[in-house]
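Presented below is the structure to which this report refers.
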Amino acid sequence: QVQLVESGGGLVQAGGSLRVSCALSGRTLNGYAVAWFRQAPGKAYEFVAAMSRTGGSTYYGDSVKGRFTISRDNGKNTVSLQMNSLKSEDTAVYYCAAGNRVITSSLSNREAYDFRGQGTQVTVSS
């Protein structure tokens, strides 16, 4: 059974940092595109960051560019999102996703990923 499980969410003050991680079980992460999405209460899913299947390219949503960094460790089957200079508007449930058929033009499309986690809450207090 393939599962993505997020961890590392929590409460942080504005301006602070937090790192969330996602572990893939049941498959090797090698060859998978990976991404993070988020959803704030009452809002649609928002693309946060993605990394291509080879790991050679990364992409970020405009609202997080320069503050967030996506990374992966194929050996540990994990994906991480380092979040710096957090703002209250970053408060949301953060979800990771993985897929081995995601093309570059679809990296920001949550529906393009085969596997999605259950999410971890990140709350930024102002």
Side-chain angles (χ1 to χ4, degrees):
Q1 183 180 0
V2 179
Q3 276 191 314
L4 281 170
V5 179
E6 298 93 340
S7 62
L11 175 65
V12 62
Q13 287 189 330
S17 298
L18 196 65
R19 185 181 183 89
V20 292
S21 295
C22 173
L24 175 68
S25 61
R27 295 282 175 91
T28 175
L29 196 57
N30 192 28
Y32 277 70
V34 293
W36 287 92
F37 296 86
R38 67 187 182 185
Q39 187 175 33
K43 294 189 176 181
Y45 284 102
E46 179 187 4
F47 168 70
V48 176
M51 181 177 283
S52 62
R53 292 170 58 189
T54 64
S57 299
T58 55
Y59 305 85
Y60 296 92
D62 289 340
S63 62
V64 306
K65 279 180 183 176
R67 299 188 298 123
F68 289 13
T69 302
I70 188 172
S71 62
R72 66 195 292 164
D73 186 332
N74 287 346
K76 295 183 178 179
N77 254 21
T78 58
V79 184
S80 295
L81 184 70
Q82 176 67 40
M83 303 181 288
N84 298 328
S85 302
L86 283 161
K87 307 174 183 179
S88 57
E89 50 262 46
D90 294 319
T91 294
V93 179
Y94 283 72
Y95 300 88
C96 66
N100 62 359
R101 298 172 295 175
V102 185
I103 59 177
T104 301
S105 60
S106 297
L107 282 169
S108 61
N109 179 1
R110 182 174 174 267
E111 300 303 320
Y113 294 83
D114 296 311
F115 308 111
R116 284 163 271 178
Q118 294 301 305
T120 185
Q121 176 70 47
V122 172
T123 302
V124 184
S125 63
S126 56

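Quick caveat, the model's predicted, so the values are computed rather than measured.
Pairing each heavy atom of Ala98 with each of Val34, the nearest pair is CB-CG1, 4.2 Å. Looking at every heavy atom in both residues, Ser85 comes nearest to Ser17 through N-OG, 4.4 Å.
For the 3.5 Å distance criterion, the side chains of Asp73 and Thr78 fail to qualify, holding no donor opposite an acceptor.
Note on Val20: it clusters hydrophobically with Ile70, by side-chain heavy-atom contacts below 4.5 Å among ILVMFWY residues. In the hydrophobic clustering of this structure, Val64 does not group with Phe47; members are Ile, Leu, Val, Met, Phe, Trp, Tyr whose side-chain heavy atoms approach within less than 4.5 Å, directly or through other members. Under a hydrophobic clustering in which Ile, Leu, Val, Met, Phe, Trp and Tyr are joined whenever their side-chain heavy atoms come within less than 4.5 Å, directly or via other members, Tyr113 and Val79 fall into different clusters. Put simply, Leu24 and Tyr94 are part of the same group of oily side chains (I, L, V, M, F, W, Y) that touch within less than 4.5 Å, one to the next. Taken together through direct or relayed side-chain contacts under 4.5 Å among Ile, Leu, Val, Met, Phe, Trp and Tyr, Phe68 and Val124 form part of one hydrophobic cluster.
At least one side-chain heavy atom of Asp114 sits less than 4.5 Å from a side-chain heavy atom of Arg101. Counting heavy atoms from C-beta on, the side chains of Glu46 and Phe37 never come closer than 4.5 Å. Between Ser63 and Glu89, the closest side-chain pair of non-hydrogen atoms is not below 4.5 Å. Counting heavy atoms from C-beta outward, Arg38 and Asp90 have side chains that approach closer than 4.5 Å. Looking at heavy atoms from C-beta onward, Tyr95 lies in side-chain contact with Gln39 at the 4.5 angstrom threshold. Between Val12 and Thr123 the shortest side-chain heavy-atom distance does not fall below 4.5 Å.
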* To do: Tell me, with the steps shown, if Trp36 and Glu6 meet side chain to side chain contact (heavy atoms under 4.5 Å, CB included).
  => CA-CA 10 Å; Trp36 287 92; Glu6 298 93 340; 3.9 Å; yes
* To do: Evaluate side chain to side chain contact (heavy atoms under 4.5 Å, CB included) for Arg72 paired with Leu29, printing each intermediate quantity in order.
  => CA-CA 9 Å; Arg72 66 195 292 164; Leu29 196 57; 3.8 Å; yes
* To do: Would you please test Val48 and Tyr60 for side chain to side chain contact (heavy atoms under 4.5 Å, CB included) and show each step?
  => CA-CA 6 Å; Val48 176; Tyr60 296 92; 5.9 Å; no
* Asked: Asn74 and Thr28: side chain to side chain contact (heavy atoms under 4.5 Å, CB included), yes or no, with the steps?
  -> CA-CA 7 Å; Asn74 287 346; Thr28 175; 5.8 Å; no
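If you take OG1 on Thr69 and CE on Met51, they are separated by 9.5 Å, rounding to the nearest 0.5 Å. The distance from the CG atom of Leu86 to the OG atom of Ser125 is 10.0 Å, given to the nearest 0.5 Å. Here the CZ-OG distance, from Phe115 to Ser25, works out to 10.0 Å after rounding to the nearest 0.5 Å. Between Arg67 atom CZ and Lys87 atom NZ the span is 4.5 Å, to the nearest 0.5 Å.
Using a cut-off of 4.0 Å between Lys/Arg side-chain N and Asp/Glu carboxylate O, Arg116 and Glu111 are scored as salt-bridged.
For the pair Asn77 (side chain) and Arg27 (backbone), a donor-acceptor distance under 3.5 Å is present. No donor-acceptor distance shorter than 3.5 angstrom exists from the side chain of Tyr59 to the backbone of Ser52, with no hydrogens or angles considered. Judged by distance alone, the side chain of Arg19 and the main-chain N or O of Gly9 form no donor-acceptor pair under 3.5 Å. Within the 3.5 Å criterion, the main-chain N or O of Ala33 finds no donor-acceptor partner in the side chain of Arg53.
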